[in-house]
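These notes concern the structure reproduced below.
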Amino acid sequence: MTKGDNMTDFTDITYEVDNGLAWITINRPDRYNSFRARTVDELIKAFKLAWGSSEVGVICLTGAGEKAFCTGGDQRQRAETGDYGPSDSGLFEVDSLHRVIRDAPKPVIAAVNGFAIGGGHVLHVLCDLTIASESAIFGQNGPRVGSFDAGFGTGYLARVVGEKRAREIWFLCRRYSAQQAYEWGLVNKVVPADQLRAEVRAWADEILQLSPTSLKVLKQSFNADTEQFASLGQMAYSNLKLFGETPEAKEGVTAFNEKRLPDFAPYRGN
């Protein structure tokens, strides 16, 4: 097992390569593996390391600990500073993370080991394959905290599960079991928690026997049909930045951090 050249630079994630399989792990279990801007920067860097490495043929994205895969943007950070903290570029580059997951010319497996909620749910949806532990929980959270994810988070999700189910996921913000997610086509396989890494390893070993150029072209071909969602996502982030400054959005964040239901009633006439 080898560690990435820039391993020592990472604080929010870990990166390691084991016999052709790159493990990218969000390492913020105390915050349910939610991401701040630095986390996103590090994830992008790790995906690019795996992309450019001749030692890597398959990439796996997962979360540290047993409770969470990823629970999206760090709402505590958002409440504390009004944003997701400092980043390398000064931008919160979630859309760039979405792009690199799609554009990396190698199959990306999400190993969902717990909560995959909100922006974390979008990340697993964008991965080429998803293997989940029996204890995994799926769902969206944006409208509950004054946020949203258009583009890949909605349009592509509808391609995966169908329009009615995608709208249910977003309009109700319910939680779904791993079995329900499997039945809806959100995940490829469900396994006991203690078998998750071994199952990813087995799938990766099958993929590593195949032609990397063929896999690259196949992935690009699959992506072509949904590429228009990228521009929709950019427009959504433009609107989200503006919306985040409104009293309505701030009520969602405040209520979340105060562990109470938000009062959105005053905004229904807008």
Side-chain angles (χ1 to χ4, degrees), residues 10-14 23-44 46-47 60-85 87 92-95 97-98 101 108-127 130-150 152-154 157 166 169-170 172-178 180-181 186-187 193 196 236-237 240 244 249 252-262:
F10 294 144
T11 62
D12 288 16
I13 73 164
T14 63
W23 289 92
I24 299 173
T25 305
I26 303 172
N27 190 29
R28 305 185 79 220
D30 58 318
R31 297 250 178 149
Y32 287 86
N33 294 323
S34 61
F35 50 71
R36 55 181 177 169
R38 182 185 180 108
T39 320
V40 173
D41 285 349
E42 292 184 1
L43 286 169
I44 292 168
F47 270 95
C60 179
L61 177 64
T62 192
E66 300 176 353
K67 293 182 178 179
F69 166 74
C70 177
T71 54
D74 187 340
Q75 300 305 313
R76 281 171 59 187
Q77 173 82 45
R78 190 175 162 207
E80 291 162 3
T81 65
D83 57 20
Y84 290 107
S87 70
F92 183 48
E93 301 206 50
V94 172
D95 54 337
L97 175 57
H98 292 174
I101 292 173
V108 179
I109 301 173
V112 180
N113 53 309
F115 288 105
I117 303 296
H121 187 264
V122 175
L123 293 183
H124 106 82
V125 170
L126 282 170
C127 293
T130 296
I131 302 173
S133 73
E134 292 174 339
S135 58
I137 301 291
F138 299 83
Q140 286 303 151
N141 209 42
R144 189 174 277 133
V145 296
S147 183
F148 49 79
D149 193 325
F152 290 124
T154 50
L157 176 65
I169 289 169
W170 273 104
L172 277 73
C173 291
R174 289 177 174 172
R175 300 290 174 260
Y176 301 94
S177 68
Q180 181 71 77
L186 267 174
V187 306
L196 182 59
Y237 283 119
L240 183 58
V253 178
T254 301
F256 178 84
N257 284 286
E258 292 178 355
K259 295 180 168 51
R260 62 173 174 83
L261 290 174

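The model shown is predicted, which means the values in this text are computed figures rather than measured ones. Throughout, numbering of the chain's residues begins at 1 and tracks the sequence.
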TODO: Step by step, work out the side chain to side chain contact (heavy atoms under 4.5 Å, CB included) result for Asn33 and Lys67.
DONE: CA-CA 9 Å; Asn33 294 323; Lys67 293 182 178 179; over 6 Å; no

- [ ] Search all heavy atoms of Ala132 against all heavy atoms of Leu196 and return the closest pair with its distance.
- [x] C-CD1, 4.0 Å

TODO: Of all the heavy-atom pairs spanning Ala178 and Val187, show the shortest one and how long it is.
DONE: O-CG2, 4.1 Å

TODO: Tell me, yes or no, whether the heavy-atom count around Gln180 atom CD, taken from other residues, nucleotides or ligands under 6.0 Å, exceeds 12.
DONE: yes

Task: Contact summary for Ala46 and Ile13, nearest pair of heavy atoms - done: CB-CD1, 3.6 Å

Open item on the list: Please check if the number of heavy atoms outside Arg174 that lie under 6.0 Å from its CZ is greater than 12.
Closed with: no

Task: Candidate list Thr71, Leu43, Thr62, test side-chain contact (heavy atoms from CB on, under 4.5 Å), partner Ile26, passing option - done: Leu43

Task: Qualifying residues under side chain to side chain contact (heavy atoms under 4.5 Å, CB included), relative to Ala249, sequence neighbours excluded - done: Arg78, Phe243, Thr246

Task: From NE2 (His121) to CG (Leu186), nearest 0.5 Å - done: 4.5 Å

Task: For the student: nearest non-hydrogen atoms of His124 and Ala116, plus distance - done: CD2-CB, 4.4 Å

Open item on the list: Is there a side chain to side chain contact (heavy atoms under 4.5 Å, CB included) between Asp149 and His98? Walk through the geometry before answering.
Closed with: CA-CA 11 Å; Asp149 193 325; His98 292 174; 3.6 Å; yes

TODO: Report yes if some heavy atom in the side chain of Phe256 is under 4.5 Å from a heavy atom in the side chain of Asn141; otherwise report no.
DONE: yes

Open item on the list: How long is the straight-line distance from CZ of Arg175 back to CD of Gln140, given to the nearest 0.5 Å?
Closed with: 8.5 Å

Open item on the list: Please report the interatomic distance OG1(Thr14) to CD1(Ile24), rounded to the nearest 0.5 Å.
Closed with: 9.0 Å

Task: salt bridge (charged side-chain N to carboxylate O under 4.0 Å, His left out) against Asp12, all qualifying residues, sequence neighbours excluded - done: Arg28, Arg36

Task: Reported CH2-to-CG distance for the pair Trp23 and Leu61, which is rounded to 0.5 angstrom - done: 10.5 Å

Open item on the list: Contact between Phe10 and Asn27 at the side-chain level, heavy atoms closer than 4.5 Å - yes or no?
Closed with: no

Open item on the list: In the structure I gave you, are the side-chain heavy atoms of Leu97 and Leu123 within less than 4.5 Å of one another anywhere?
Closed with: yes

TODO: Write down the atom of Ala193, the atom of Ser135, and the distance for their closest heavy-atom approach.
DONE: CB-OG, 4.5 Å

Open item on the list: Using modelled atom types and a 3.5 Å cut-off, is there a donor and acceptor pairing between side-chain atoms of Asn113 and backbone atoms of Gly65?
Closed with: yes

- [ ] Look at atom CZ of Phe115 and say whether more than 12 heavy atoms of other residues, nucleotides or ligands are closer to it than 6.0 Å.
- [x] no

Open item on the list: If I take atom CZ from residue Phe138 and atom OG from residue Ser177, how far apart are they, to the nearest 0.5 angstrom?
Closed with: 8.5 Å

TODO: Take the angle between the ring planes of Phe35 and Phe92 and call it parallel below 30°, perpendicular above 60°, tilted in between.
DONE: tilted

Open item on the list: Test your reading of the model: is there a side-chain donor-acceptor pair from Trp170 to the backbone of Phe148, 3.5 Å cut-off?
Closed with: no

Task: Value rounded to 0.5 Å, distance of CD1 in Ile169 from OH in Tyr176 - done: 5.5 Å

Open item on the list: To check you understand the geometry: which heavy-atom pair defines the closest contact between Ser147 and Leu240, and what is its length?
Closed with: OG-CD1, 3.7 Å

